[in-house]
Number of protein chains: 2
Amino acid sequence: MNTEPAVAITARRASRQRTAVSAYLTRRTTFASAQEIHAALRESGEPVGLATVYRALQAMVEDGELDALRTDDGETVYRRCGTSHHHHLVCRECGRTVEVEAPDVERWATAVAAQHGFGDVVHTLEIFGVCDRH
Amino acid sequence: MNTEPAVAITARRASRQRTAVSAYLTRRTTFASAQEIHAALRESGEPVGLATVYRALQAMVEDGELDALRTDDGETVYRRCGTSHHHHLVCRECGRTVEVEAPDVERWATAVAAQHGFGDVVHTLEIFGVCDRH
DNA sequence: CCTGGACATGAGAATCATTATCAGGTGGCC
DNA sequence: GGCCACCTGATAATGATTCTCATGTCCAGG
Ligand SMILES: [Mn+2]
Ligand SMILES: [Mn+2]
Ligand SMILES: [Zn+2]
Ligand SMILES: [Zn+2]
């Protein structure tokens, strides 16, 4: 009989590059794009190939270590976030980000979907504004 | 003295092409991408340049005639929508879309932003699921 | 420790949606 | 009809992301 898991658990291997990307996002508190991370690491003397940055970010998102969101100018940005479901309040000026929870909204989203006969529901919710440091 | 408005009011001129794009989105009930619209119009024998499709969509969004949203595979899709503020419940399988209003969520978003000292707030909220025709 | 081989890296090419160019067309007020 | 600001569309450019593939390197087993 087959004792293998249906989907192989992707074994990640340690490397200087992945560590560098991960460490960068630990230091950083705002969302950052792959390009930005690539430039910053190169700057700081620990160069990592751009493709590798993309791969590292992708892996970390899959592993639930990072949240990703697409800016309206088409870049995907990443941030180390808490593991429980939450949304973001982001400053357009400085990028300052607050994680917010919204149980009422979660309930509302589920309920309105059910009312219209929709199942298997997910939602996206982000709030953008200007923080009080401006 | 200067009697001109600070920003010129963009005068839109009528054209077969704009009419075709507009009409297509009136017929259609689900979100559609520029590429899709371009192909459909060519198919139906009223060809419109791709750049023109993009320009028409852009203008209609500016004029508040269309809602636009970015799919997670990076395409922007457009839909003729109601003019009052609302959000979307979209079927992943067939694209069926329901416009939903959520005054509680609006209030919550404003309140949570204010609590954290954020002003000039906007938010995005979309719900995706699978509708009951599947 | 050693080693095989699966996994990772990175330079560069490819992809693909979108935007910019620019030469030629046209709607609409006079 | 004529002017001309605006519009069109073929094509090139852009830019983020992904793919390729030859080369490097973890690390589980031995
Ligand atoms: Mn987060
Ligand atoms: Mn809408
Ligand atoms: Zn700020
Ligand atoms: Zn459906």
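Lettering of chains follows the sequences in order, A, B, ..., and the numbering in each one begins at 1. Atom set for the values below is all heavy atoms of this structure, side chains included, hydrogens, waters and symmetry mates excluded.
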Starting at [atom1] of [X] and ending at [atom2] of [N], how long is that distance when rounded to a whole Å?
X	N	atom1	atom2	result
A:Arg18	C:dG10	CZ	P	11 Å
A:His38	C:dG12	NE2	P	12 Å
B:Arg42	D:dA10	CZ	C1'	11 Å

> Under a 4.5 Å cut-off applied to non-hydrogen side-chain atoms, are B:Arg70 and B:Glu75 in contact?
Replying inline: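 They are not in contact (no side-chain heavy atoms under 4.5 Å apart), so the answer is no.
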May I ask you to decide if [Y]'s main-chain N or O and [X]'s side chain share a donor-acceptor pair within less than 3.5 Å?
X	Y	answer
A:His38	A:Val48	yes
A:His87	A:Thr124	no
A:Thr30	A:Arg28	no

> So, is A:Gln17 close to the C:dG10 phosphate, meaning a side-chain N or O under 4.0 Å from OP1 or OP2?
Replying inline: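 Yes, such a contact exists.
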> What string of B, S and - do you get for nucleotides 16-28 of chain D, 5' to 3', if B is base contact, S is sugar-phosphate-only contact and - is no contact with any protein heavy atom under 4.0 Å?
Replying inline: SBBBB----BBS-
> Do the charged groups of A:Glu62 and A:Arg12 touch, with an N to O distance under 4.0 Å?
Replying inline: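 A salt bridge is present here (some side-chain N lies under 4.0 Å from a carboxylate O).
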>> Could you check whether A:Asp72 pairs with A:Arg92 (Lys NZ or Arg NE/NH1/NH2 to Asp/Glu carboxylate O, under 4.0 Å)?
In response: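 Salt bridge flag = no for A:Arg92 with A:Asp72.
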